[in-house]
Amino acid sequence: MKTTAPRPKPRPHVKGTTSPRDSWRVQTGEAILRTLGSTPAGLSSAEAATRLLNNGPNQLIERKHISRWRIFASQFNSLLVWILIVAGIVSGFMGQKIDALAILAIVILNAAIGYYQEYRAEQSIAALRQLTAPRANVQRDGQPQLIAATAIVIGDILALEAGDWVPADARLLETSSLKCVESTLTGEAEAVTKHSDVLKSDLVPLGDSSNMVFMGTSVAGGRGKAVVVATAMNTELGRIAGLLTETGGEEKTPLQQRLNSLAKVLVWSTLGIIGLLFGLGLMRGTKPLDLLLNAISLAVAAVPEGLPAVVTVALALGVSRMARSHALVRRLTAVETLGCTTVICTDKTGTLTLGQMTVRALYVSGRHYEVKGEGYSPQGQVLFQGKPTATADHVPLLQLGEGLVAGNYSQLQQKDGVWSLMGDPTEGALLSAGIKAGANREQIEREWPKLGELPFDSDRKRSSITRRMPDGTCRLFANGAPGPLVGLCTQVYTSTGVRSMTDEDRAHILAQTSRMAKQALRVLASAYRDLAVTPAPAMNPEEAEHDLVFVGLSGMYDPPRPEASVAVAKCQAAGIRVVMITGDHPETASAIAREIGIASPAGHTLTGAELEKLTEAQLRKQAADIAVYARVTAEHKLRIVRAWQAREAVVAMTGDGVNDAPAIKGADIGIAMGKSGTEVTRQAADMILTDDNFSTIVAAIEQGRGIYDNIRKTLQYLLAGNTAELLLMTLCLVLGMPIPLLPIHLLWINLVTDGLPALCLATDPIEADLMKRQPRRRNERIANPKFVRTMLLTGLLTAGVTFAVFLYGLRTGTTETARSSAFTVLVFAELLRAFGARSETEPIWRIPFFSNINLIAVVVISLGLQVLSQHSAVVGKILNTGYMPLMDAFGLLVIGAIPLGVLELLKLRSKR
Ligand code: ADP
Ligand code: MG
């Protein structure tokens, strides 16, 4: 359903071995670090900067830089401009030197405006590209840092974790269950396990280089540290870079393509009309040179010159507006699709909620405890039946607390009295609760050294750490979603010791879970397992996480974002469905969903397990009734996207984890989380939320609609103007009258009096009622029958008024004065109409007049120039107008207001 072209697939490269000069695989990590002048703490930033300067940025292909000159030259890349230039030359030969110069000046002015606009657009898109470029975690000056992947140099120490893009070729120094997907290089989709040991031979296929990681691959799971040994074109990916035909520049959006073909239709039909009139003139015996000038005038009248610039500007300006409100769009095509969104599938944690978790309740050995304290501060009391707990009577509480701390990956820091968190919010909350329950973090880290880790992933829904205990045994501490974790438990810890777990125990624990979840608490279970010390415990989930001893439950509260319910209501008014998709417990999910207004009290929540049982057809049928999906895995997300797409929906889908990339790619609008998301999802997405906030998605959709709306009304404004000119010219030619407008008049109108207001319309503020309308259909044509009707009507009105003025002028004066009047009234009519064109539905007095200052300025200046041309000999000569008393000009202004007035009355009528 994507409109963008798929990435080119590099040829599988399984057999290739690397050249013998790099012996990275057979050397030890220490030796390599020495060779490369690096240390496990990383390079200094000064050293990194020097290396970057010497060896160049870490990028495969220099993105084609679009030079200013090319942008300027492209302004002349249109048939119309050449028609104009010919017109100028012809008029020059006919002795109308001023005309010729004026025409050429206008052509250059047009190119200059177009250049300026496009250059600015190009700049803002380039800035956006920088913001969304791949990044990587490196160790520099002994500190972890997130830097742009292009700034990576040889000797840098990479810190890799699940969901990262590998930014360069690197030799692994340490790993913990590290797995990489190397399909970009080897064609193999399955993740391969990595380690840091020395290999026997350096001449192994790429796919077997298990102590190396390669640029362009991704980390599927685990963690690792590696030292960069090759960057840019020297990487394995660089060696096959000939295959990477990076798409130069931005592809044209569907709208731009459609407008291009519309422009072609306009050009050819104009040529047709011109041919006919040319024949008619020849039969009448008009001089061929006059005919040629008429023909050129017609061509100028018919083609909307300002159009291409207007679209580029509207898109680019909209995109930078979005970036300022926290939505980075990675492809211009996404802007159009955004406006058509009918379903938003959103994460819960951190997106609809604040992602600031605080444990409020603990449950262990049959007792429920209440936890006090705010934020991540480890200070706060644990109460039992309303009274503070002295740990002596509550040994199980300490046991739970120690499990929460020992199995924890996060760190708390106190700065100026405020506690902040480094790591996952869920774990931060558990850590703080564990300390409140009496565990001592420093002592645990010191006396129970860490042996291995199995970090959290959203499919397993748990994380574990193994530690050596003081008595020499080895213990695994696991924390995770209660349902799955309790399923792995065979024993239960109680105040009187450990005993085997019965079915009643299990049912009881799940009942407690559900009781906590109903209060909108996110519930995690804690368990442990004692392992044999020799042989060293295997650290993979299948072998390590089973036969656990259940300890207790923690319930944490993650408040909904205050703005989320407003945004959800906005979606409802805008005809957009909001669907919550979460890995969390169904009761927690539906409690939050009800609070925010996503689900009705009776609304059905589907769990991942139930979803598994549905066929594609059943899911497609039921999808419309389900507002909340709980306990789902990443794979389910893709099924949900497909089900909605089969219902003709345009789906926006959020994701943050490693496994979310397929769903993000599959959705019409894939949305990645900029703060909490992984690099892989960022690079798969169409849009990145820099604040991870649901309401930002809704704001972006509003912008997407607004941009389209602006393009449509600008198009209407321009085309209606051209219709008027064409009708007027054709009518006079057919009637055998003198031509009412000279080429210079038409040019002036098209480029100045129409062109400049059009640019202002293209960047008009968004209309207030935009989010009260239903979504537009994706395949809707801009030029639908209503559009064409309005365009013809406007054209007729304007042409009619101008024709009447011209006719009156011919009766009462010379052709020249008649032309001046016709030119003036047409200009006035167009300028006034620009205000009405700001909305297709709202009458002019309902649109806040001063909200588009640029438009007012442009109109005032154009009006002034017009009047000036009637009083200044110089300007009058250039624009080919004669003197006109101010009163007459005022009269023409009133007559010029007629088309606007009629159109506004019609808006009122159709509103009723
Ligand atoms: P979501 O972000 O939609 O709430 P996740 O996939 O992040 O869902 O988490 C699913 C479940 O996994 C959570 O409900 C929780 O029980 C468990 N979980 C989440 N984060 C962690 C973590 N860091 N450690 C252990 N378990 C976790
Ligand atoms: Mg999550």
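Atoms within a ligand are numbered from 1 in the order they appear, just like the ligands themselves. All figures in this text were calculated on a predicted structure; none of them were measured in a lab.
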Q: Taking the side chain as every heavy atom from C-beta outward, state whether K461 and T633 have any atom pair closer than 4.5 Å.
A: yes
Q. For ligand 1, does L524 get within less than 4.0 Å through its side chain, its backbone, both, or neither, judged by non-hydrogen atoms?
A. side chain
Q: Would you please indicate if the ring centroids of Y369 and H394 are separated by under 6.0 Å?
A: yes
Q: Determine, for E174 against K225, whether the closest basic-nitrogen to carboxylate-oxygen distance falls under 4.0 angstrom.
A: no
Q: Looking only at distances, please establish whether an N/O atom of ligand 1 is found under 3.5 Å from an N/O atom of G583.
A: yes
Q | Location of contacts on D424 toward ligand 1, heavy atoms closer than 4.0 Å | A | side chain
Q.
Judged on heavy-atom distance to atom 19 (C) of ligand 1, which of K348, R462, R522, M357 sits nearest?
A. R522
Q) For atom 2 (O) of ligand 1, which candidate among T513, T426, T349, L430 provides the closest heavy atom? A) T349
Q | Side chain proximity check, L397 to V382, heavy atoms < 4.5 angstrom | A | yes
Q.
Within the 4.0 Å heavy-atom shell around S463, which atoms of ligand 1 are there?
A. 24 (N), 25 (C)
(Q) So for ligand 1, is H585 a polar contact partner (N or O within less than 3.5 Å, distance only)? (A) no
Q) Are any of the side-chain heavy atoms of V498 and Y493 separated by less than 4.5 Å? A) yes
Q. What atoms of ligand 1 come closer than 4.0 angstrom to any heavy atom of T582?
A. 1 (P), 3 (O), 4 (O)
Q. Thinking salt bridges, do E587 and R515 make one under a 4.0 Å N-O criterion?
A. no
Q: Taking only heavy atoms of N479 into account, list the atoms of ligand 1 that are under 4.0 Å away from them.
A: 25 (C), 26 (N)
Q: Any atoms of ligand 1 less than 4.0 Å from a non-hydrogen atom of S458? List them with their elements.
A: 6 (O)
Q) Would you say E635 and D459 make side-chain contact, with heavy atoms under 4.5 Å? A) no
Q) Is any side-chain heavy atom of R522 less than 4.5 Å from a side-chain heavy atom of K348? A) yes
Q: Using a 4.0 Å heavy-atom threshold (strictly under), name the region of D347 that reaches ligand 1: side chain, backbone, both or neither.
A: neither
(Q) Tell me the contacting part of M580 for ligand 1: side chain, backbone, both, or neither, using a 4.0 Å heavy-atom threshold, strictly below. (A) neither
Q: Give the numbers and elements of all ligand 1 atoms closer than 4.0 Å to a heavy atom of V523.
A: 16 (O)
Q) Does R639 pair with E616 as a salt bridge, N-O distance under 4.0 Å? A) yes
